[in-house]
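No hydrogens, no waters, no symmetry mates; every other heavy atom, side chains included, goes into these values.
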Amino acid sequence: MNDLKRIIKKTPLIGKVALKVHTLRIKKNIRKDLLNLFNKESNKPKIFIFLCDTYGNLGDVALRYIQRRFLEENFKSYTQILVTDLDLRHGGDILKQYIQKEDILTLVGGGNFGNQYMDTENDRRYVIENFPENKIICFPQSIYFTNNKEGEIEKERAIKIYNNHMNLTLALRDTMSYEIAKSLFTNANILLTTDIVLTLTEFQYNYKRTGALFLMRADVEKTLQEGEFNLLNQIVKKKFSKVAYSDTIISENVGHDRQYEVLDKKLAEIANAKIVITDRLHGMIFCAITNTPCIVLSNYNHKIKYQYEWIKHLNYIKYLEDISEFEDSLSNLIEVEPMKYDSSFTASYFKEIIKVMKS
């Protein structure tokens, strides 16, 4: 794809033709693969995982990886079929032809429910609209509609589409999203659960932790100003000679066969730090499951604040809405002996999802 971008920049007309040919080739291959898959698996009960894309947001990589594993462990007699955004957009008619009404459809969880990430929201709406007879389970999400005309328009569209499905379950991963869902989607089965990444216990490391690590956003959800970041950076450098800077986003796509490997690498980086400073929800959760002391900064919506409610009992995670508390919190966390993370508090919530899927 990078080669195509260079061609388009140097020779726009030739480049556009090349891009069109490239897109048609992708579409043809996707349709061929889907047809082959359905011919091979035609007689087995199926669970579909929609929105199962491969972009390099490691929070979303973790969500996809764990949802797949959760379904494998609890629905052993079913065949899993992963559906990406391109599968849906180029092969939606094939999916509609071959998906049977006894098949279970699931949607990957995350923080993209609402009008902030409309590509994903439109894919989710497509599934809900086009498979009215299937049981559909949306795994734990946060809901956020912007407080403007666009947000109101998309909220009304969502209400119409979601309430028109008679066998839809929405799992919400924080109490505010749960209340929003109950008020909007009156025909859906609404569940309150944790983020599914909090169910993990296998990624725990015994490193001798050194230095500080910043895991900071550089996207639309970023709220920390440059001057504020510089101030926090100066405070941290007074305490630590080693300070590293990273993110939970990587530039490469992460195929389904590499999810564990890529997660392990990032979580090991986090577990090597004496303390992490982050404004990413899964930066906070990755610290929780690896027993890594962490200061969490607020973001522009309720996503982090209300997810923190699930883990505020952990003595090594500190959520701040006011950065004036940062220096004292840093000093306190440096001295903390982290308690061992225990995911058992999540079990009852995910039993409810299993119950719904098996009913």
Next on the checklist: For Asn206, is the CG atom crowded, meaning more than 12 foreign heavy atoms sit under 6.0 Å from it?
Outcome noted: no
Item to check | Main-chain N/O of Tyr55 paired to Asp53 side chain as donor or acceptor, under 3.5 Å | outcome: no
Checklist entry - Are Phe286 and Leu263 close enough that some pair of their side-chain heavy atoms sits under 4.5 Å apart? => result yes
Next on the checklist: If the condition is side chain to side chain contact (heavy atoms under 4.5 Å, CB included), which residues does Asp33 pass it with, not counting sequence neighbours?
Outcome noted: none
Next on the checklist: Which residues pass the side-chain hydrogen bond (donor to acceptor under 3.5 Å, both in side chains) test with Thr210, not counting sequence neighbours?
Outcome noted: Lys242
Checklist entry - Is the number of heavy atoms from other residues, nucleotides or ligands under 6.0 Å of Lys358 NZ greater than 12? => result yes
Checklist entry - About how many Å separate CD of Glu129 and CD1 of Ile161, when rounded to the nearest 0.5 Å? => result 4.0 Å
Next on the checklist: What I'd like to find out is whether the side chain of Cys294 reaches to under 4.5 Å of the side chain of Ile317, using heavy atoms alone.
Outcome noted: yes
Item to check | Cation-pi geometry met for Arg124 and Phe139 (6.0 Å, 45°) | outcome: no
Checklist entry - Going by the angle between their ring planes, with limits at 30° and 60°, are Tyr207 and Tyr205 parallel, tilted or perpendicular? => result parallel
Item to check | Within-4.5 Å side-chain heavy-atom neighbours: Ile49 and Arg64 | outcome: no
Next on the checklist: Minimum heavy-atom separation for Leu281 and Asp195, please, with both atom names.
Outcome noted: CD2-OD2, 4.0 Å
Checklist entry - Does a donor on one side chain and an acceptor on the other come within less than 3.5 Å for Ser331 and Lys239? => result yes
Checklist entry - Should the pair Asp174-Lys305 be classified as a salt bridge under the 4.0 Å nitrogen-to-oxygen rule? => result no
Next on the checklist: For residues Ile196 and Phe75: do they belong to one hydrophobic cluster (side chain heavy atoms under 4.5 Å, members Ile, Leu, Val, Met, Phe, Trp, Tyr)?
Outcome noted: yes
Checklist entry - Would one find more than 12 heavy atoms of other residues, nucleotides or ligands at under 6.0 Å from atom NZ of Lys318? => result no
Checklist entry - Is the shortest heavy-atom distance from the side chain of Phe50 to the side chain of Tyr126 under 4.5 Å? => result no
Checklist entry - Do Leu213 and Ser246 have side chains that get closer than 4.5 Å, going by heavy atoms? => result yes
Item to check | side chain to side chain contact (heavy atoms under 4.5 Å, CB included) involving Lys274 - partner list, sequence neighbours excluded | outcome: Arg209, Phe240, Ile334
Item to check | With Arg89, the side-chain hydrogen bond (donor to acceptor under 3.5 Å, both in side chains) member among Thr84, Asp123, Asn122 | outcome: Asp123
Next on the checklist: Applying ring pair (Phe, Tyr, Trp, His ring centres under 6.0 Å) as the test, list every pair that has at least one member in residues 319-343; sequence neighbours left out.
Outcome noted: Tyr308-Tyr319
Checklist entry - Does a donor on one side chain and an acceptor on the other come within less than 3.5 Å for Asn57 and His282? => result no
Next on the checklist: If the condition is side chain to side chain contact (heavy atoms under 4.5 Å, CB included), which residues does Asn167 pass it with, not counting sequence neighbours?
Outcome noted: Lys135, His165
Checklist entry - Are Ile311 and Met284 close enough that some pair of their side-chain heavy atoms sits under 4.5 Å apart? => result yes
Item to check | Hydrophobic cluster membership, Val336 vs Val276, 4.5 Å side-chain cutoff | outcome: yes
Next on the checklist: For residues Ile153 and Phe145: do they belong to one hydrophobic cluster (side chain heavy atoms under 4.5 Å, members Ile, Leu, Val, Met, Phe, Trp, Tyr)?
Outcome noted: no
Checklist entry - So, for Leu63 and Gly109, which heavy atoms are closest and what is the spacing to 0.1 Å? => result CD1-O, 3.4 Å
Checklist outcome for this item: Distance col, row Leu330:CG vs Ile277:CD1, nearest 0.5 angstrom, shows 6.0 Å
Next on the checklist: Is there a path of hydrophobic side-chain contacts, each under 4.5 Å between heavy atoms, that joins Ile249 and Val197?
Outcome noted: no
List the atom pairs, with distances to 0.1 Å, where a side-chain N or O of residues 101-108 and a protein N or O form a donor-acceptor pair under 3.5 Å, not counting sequence neighbours.
{"residue": "Asp103", "atom": "OD2", "partner": "Gln100", "partner atom": "N", "Å": "2.8"}
{"residue": "Thr106", "atom": "OG1", "partner": "Phe48", "partner atom": "O", "Å": "2.8"}
{"residue": "Thr106", "atom": "OG1", "partner": "Gln67", "partner atom": "NE2", "Å": "3.1"}

Item to check | Proximity of Phe185 and Phe113 rings by center, below 6.0 Å | outcome: yes
Item to check | SB check Lys149 Glu152 (cutoff 4.0 Å) | outcome: no
Checklist entry - Are the charged groups of Lys160 and Glu156 less than 4.0 angstrom apart, N to O? => result no
Next on the checklist: Taking Leu184's backbone N and O only, do any of them form a donor-acceptor pair with Asn163's side chain (distance below 3.5 Å, no angle check)?
Outcome noted: yes
Item to check | Validation row: Phe70, Thr199 side chains within 4.5 angstrom (heavy atoms) | outcome: no
Item to check | Ile285 side, atom CD1; Thr194 side, atom OG1 - distance, nearest 0.5 Å | outcome: 8.0 Å
Checklist outcome for this item: Between the CG atom in Leu71 and the CD1 atom in Ile47, the distance rounded to the nearest 0.5 Å is 5.0 Å
Next on the checklist: If hydrophobic clusters are built from ILVMFWY residues whose side chains come within less than 4.5 Å, do Ile159 and Met118 share one?
Outcome noted: no
Item to check | Gln307 (side chain) donor-acceptor with Arg173 (main chain) under 3.5 angstrom | outcome: yes
Next on the checklist: Please check if the number of heavy atoms outside Asn147 that lie under 6.0 Å from its CG is greater than 12.
Outcome noted: no
Checklist entry - Should the pair Glu121-Arg157 be classified as a salt bridge under the 4.0 Å nitrogen-to-oxygen rule? => result no
